[in-house]
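Remember, it's 1-based here, ligands and their atoms both numbered in the order they're listed. Predicted model, so just to flag it, every value in this text is computed and none were measured.
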Amino acid sequence: MSLQEEINKRRTFAIISHPDAGKTTLTEKLLYFGQVIRSTGTVKGKKTGKYAASDWMEIEKKRGISVTSSVMSFPYHDFHVNILDTPGHEDFSEDTYRTLTAVDSVVMIIDSTKGVEPQTIKLFKVCRMRGIPIFTFINKLDREGREPLELLSEIEEVLGIESYPMNWPIGMGKRFLGIYDRFQNQIVRFKGDEEEEIIPLSDVSKHGIDENPTYQDTLGEIELLEEAGNEFTRERVENGELTPVFFGSALANFGVQTFFDTFLQFAAQPQPRKTNEGLVEPEKEQFSGYIFKIQANMNPAHRDRIAFLRVCSGKFERGMSVNLSRTNKTIKLNQTQAFMAKDRDTVDEAYPGDIIGIYDPNIYQIGDTLIGGKAQFHYEELPQFPPELFKRVQAKNVMKSKQFRKGIEQLVQEGAIQLFRQELNDSLILGAVGQLQFEVFEYRMKAEYNVDIEFTPLGERIPRWIKSEKFDKRFFDSRSMLVRDRYGSYAVLFENEFTLRYFLENQKEIELVDLFEENDYQGVTAHK
Ligand code: G4P
């Protein structure tokens with residue numbers, strides 16, 4: 001098969017949602033369609049995300065590196081599917097955000113009983129920032145949920161993206177009859193027990209459906225959508241301006257396969273990616289890719305790590321020599337790992353869109369570019385993501401300050417956690433997206449650097465970076481704390497929305513940047 005054909009059939013995506021919306025259940029159904037698992041209810045580590053963090057660490061310690069659940073890769077019809085896991089429960093972290101830089105499209109699950117929830121908003125913003133096409137699956141239709149029209153307007157208002165319902169529920173909860181498939185002009189009747197029946201619109205009366213008042217209501221709503229709804233264009237989906245919306249039930253396996261088939265048809269194949277030399281097309285013969293995640297082994301006896309590389313161009317072959325752009329060193333890639341390959345764990349070849357695991361003897365950093373042959377370019381830097389939780393940190397034993405500094409420096413460089421210094425007293429503050437990052441940090445400082453650390457929680461804070469070149473430092477206090485990040489750029493950690501708003505109203509001359517809204521880190525590095 002030619003490189004072009006391999007690229008055309010790749011679909012690399014992530015599923016984003018708030019915890020409990022149904023990500024595990026949906027993923028399991030997709031793996032079932034792909035014949036990766038024989039029955040549902042069996043996904044390894046299904047509950048991993050629900051363990052308390054300490055349990056999770058025990059598991060990680062026992063099992064070593066848990067890469068198999070991070071990427072799920074399988075053939076399905078004419079496609080080669082790569083699903084990247086985005087940890088969402090207690091293990092929500094910056095890695096979750098970084099993973100989103102390595103996909104070509106995203107499936108967003110919304111719980112029909114809850115609507116758009118906080119974690120979905122954060123993950124959505126990251127996708128938005130990168131212009132990734134987003135497909136929406138509104139789940140749990142077998143339950144009494146919120147009105148479909150209300151859910152759509154919430155998506156449009158809260159997330160600021162237009163929506164196009166590909167299908168429409170006929171009732172819900174107890175009155176749930178099935179879905180009206182606008183896209184394929186058919187009714188999919190819900191029969192319970194993972195069964196569905198497809199009825200072409202022309203045959204509706206034969207089945208007596210048209211007499212049902214719930215169906216009559218649906219027809220009214222469909223008419224409204226046809227008249228007042230958005231127009232569907234492939235281009236707007238590809239640009240991330242319009243999200244195709246599907247209703248269904250992951251648990252009842254209802255509407256899932258139709259969703260998946262349509263999604264694969266419209267989801268983007270591997271796209272050109274930005275480098276310092278302009279865009280690099282996936283069809284470029286020269287192999288290239290970048291590292292978006294490094295997973296350390298929690299077992300102190302094995303210090304090795306696995307680097308996750310997204311293949312961006314050309315063909316990867318095991319044993320090939322690549323150039324690490326940052327250091328201009330040549331490395332032979334022998335120990336590589338595929339994910340969920342049926343009968344081998346070594347990957348022999350990979351194509352754009354694929355993720356490979358590379359054995360890392362502590363030489364890689366997040367964002368590193370690897371290129372077959374001579375290095376000529378590097379992929380754009382990964383964005384800096386704003387942390388939410390902050391803790392002051394110090395070594396319990398001052399005698400250990402040398403190891404303490406070394407440990408922090410390395411773990412921060414690895415992207416495990418973010419480091420800030422309070423301007424007022426030079427104390428060290430760690431910032432993370434999820435609580436687990438602190439626990440992993442504490443564990444690794446002890447295991448790898450033999451340092452016990454002490455945290456003083458600062459709670460949730462809202463970070464904003466300062467764009468203005470000059471400002472008066474007297475304006476800051478403990479509620480709007482002035483800090484410098486690890487690059488030396490100034491940021492402010494606001495105690496809450498109120499202190500942020502107060503500051504915005506009173507300090508108009510100080511320009512602040514929300515890295516979620518405009519990932520304009522270049523703009524703030526002026527303070528370096
Ligand atoms: P997550 O990975 O997004 O956190 O969600 P997960 O799939 O674990 O689903 C969260 C809960 O919602 C689970 O119930 C799951 O069975 C349920 N669920 C998922 N899809 C549907 C659906 O379409 N309809 C209904 N009614 N429920 C759904 P649980 O009781 O927390 O776990 P379990 O013990 O049933 O596994």
Side-chain angles (χ1 to χ4, degrees), residues 13-33 36-37 39-53 55-56 59 66 68-72 83-93 95-96 99-100 106-124 127 134-146 148 151 167-179 188-196 245-260 263 433-436:
F13 64 96
I15 305 179
I16 61 169
S17 65
H18 193 81
D20 285 335
K23 184 161 66 99
T24 314
T25 314
L26 186 86
T27 308
E28 211 174 48
K29 295 299 187 290
L30 305 186
L31 295 179
Y32 178 66
F33 299 150
V36 178
I37 51 172
S39 63
T40 50
T42 55
V43 172
K44 212 175 91 193
K46 171 171 165 15
K47 291 286 179 184
T48 309
K50 287 179 186 164
Y51 282 116
D55 294 345
W56 181 84
I59 294 155
S66 64
T68 41
S69 60
S70 300
V71 184
M72 291 155 270
I83 309 178
L84 274 60
D85 189 30
T86 49
H89 290 82
E90 286 82 357
D91 45 0
F92 185 54
S93 72
D95 274 343
T96 312
T99 297
L100 294 176
V106 152
V107 172
M108 170 170 77
I109 307 184
I110 305 239
D111 183 335
S112 65
T113 64
K114 305 233 177 88
V116 178
E117 296 176 86
Q119 199 158 299
T120 317
I121 300 176
K122 286 181 221 160
L123 293 165
F124 176 89
C127 302
I134 298 163
F135 296 74
T136 306
F137 186 84
I138 300 192
N139 192 25
K140 307 200 185 178
L141 266 246
D142 53 314
R143 288 220 197 140
E144 219 48 68
R146 291 172 44 190
L151 287 166
N167 61 30
W168 197 252
I170 311 172
M172 59 167 68
K174 290 206 183 78
R175 288 174 302 119
F176 185 51
L177 285 184
I179 46 178
V188 187
R189 180 136 70 164
F190 178 61
K191 303 187 83 176
D193 284 339
E194 309 215 345
E195 257 191 80
E196 49 190 43
V245 178
F246 301 78
F247 290 85
S249 162
L251 187 65
N253 199 0
F254 183 79
V256 183
Q257 187 139 20
T258 340
F259 152 71
F260 194 39
F263 163 71
V433 167
Q435 171 63 22
L436 186 70

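Using a 4.5 Å heavy-atom cutoff, the side chains of Ile83 and Phe13 are in contact. A heavy-atom distance below 4.5 Å is not found between the side chains of Thr96 and Val433. Between Ile170 and Phe176, every side-chain heavy-atom pair lies at or beyond the 4.5 Å cut-off.
Atom numbering of ligand 1 starts at 1 in the shown order; those under 4.0 Å from a heavy atom of Thr25 are 6 (P), 7 (O), 9 (O), 15 (C), 19 (C). Each of the following atoms of ligand 1 lies closer than 4.0 Å to a heavy atom of Asp20: 1 (P), 3 (O), 4 (O), 5 (O), 10 (C), 12 (O). The distance from ligand 1 to the heavy atoms of Ser249 drops below 4.0 Å at these ligand atoms: 22 (C), 23 (O), 24 (N). Close approach of ligand 1 to Lys23 is summarised as follows: ligand atoms under 4.0 Å from at least one heavy atom of the residue are 1 (P), 2 (O), 3 (O), 5 (O), 7 (O).
Residue-level proximity to ligand 1 for Arg143 is carried by the side chain, the only part with a heavy atom below 4.0 angstrom. Residue Asn139 touches ligand 1 through its side chain alone, judged by heavy-atom distances below 4.0 Å.
One option in Thr24, Ile15, Asp111 has a heavy atom closer to atom 2 (O) of ligand 1 than any other, and that option is Thr24.
Considering backbone and side-chain atoms together, Pro19 places no N or O closer than 3.5 Å to any N or O of ligand 1. Inclusion of Gly22 in the set of residues having an N or O under 3.5 Å from an N or O of ligand 1 is warranted. At a 3.5 angstrom cut-off on N or O pairs, Leu141 does not count as close to ligand 1.
The closest donor-acceptor contact from the side chain of Asn167 to the backbone of Phe247 lies under 3.5 Å. Remark: side-chain polar atoms of Asn139 are paired, donor with acceptor, to backbone N or O of Ala21 under 3.5 angstrom.
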- request: Would you please test Lys23 and Asp85 for salt bridge (Lys or Arg N to Asp or Glu O under 4.0 Å) and show each step?
  value: CA-CA 10 Å; Lys23 184 161 66 99; Asp85 189 30; 3.3 Å; yes
Set out, in order, the CA-CA distance, both residues' side-chain angles and the distance that settles ring-ring contact (aromatic ring centres under 6.0 Å, His included) for Phe190 and Phe254, then state yes or no. CA-CA 7 Å; Phe190 178 61; Phe254 183 79; 5.1 Å; yes
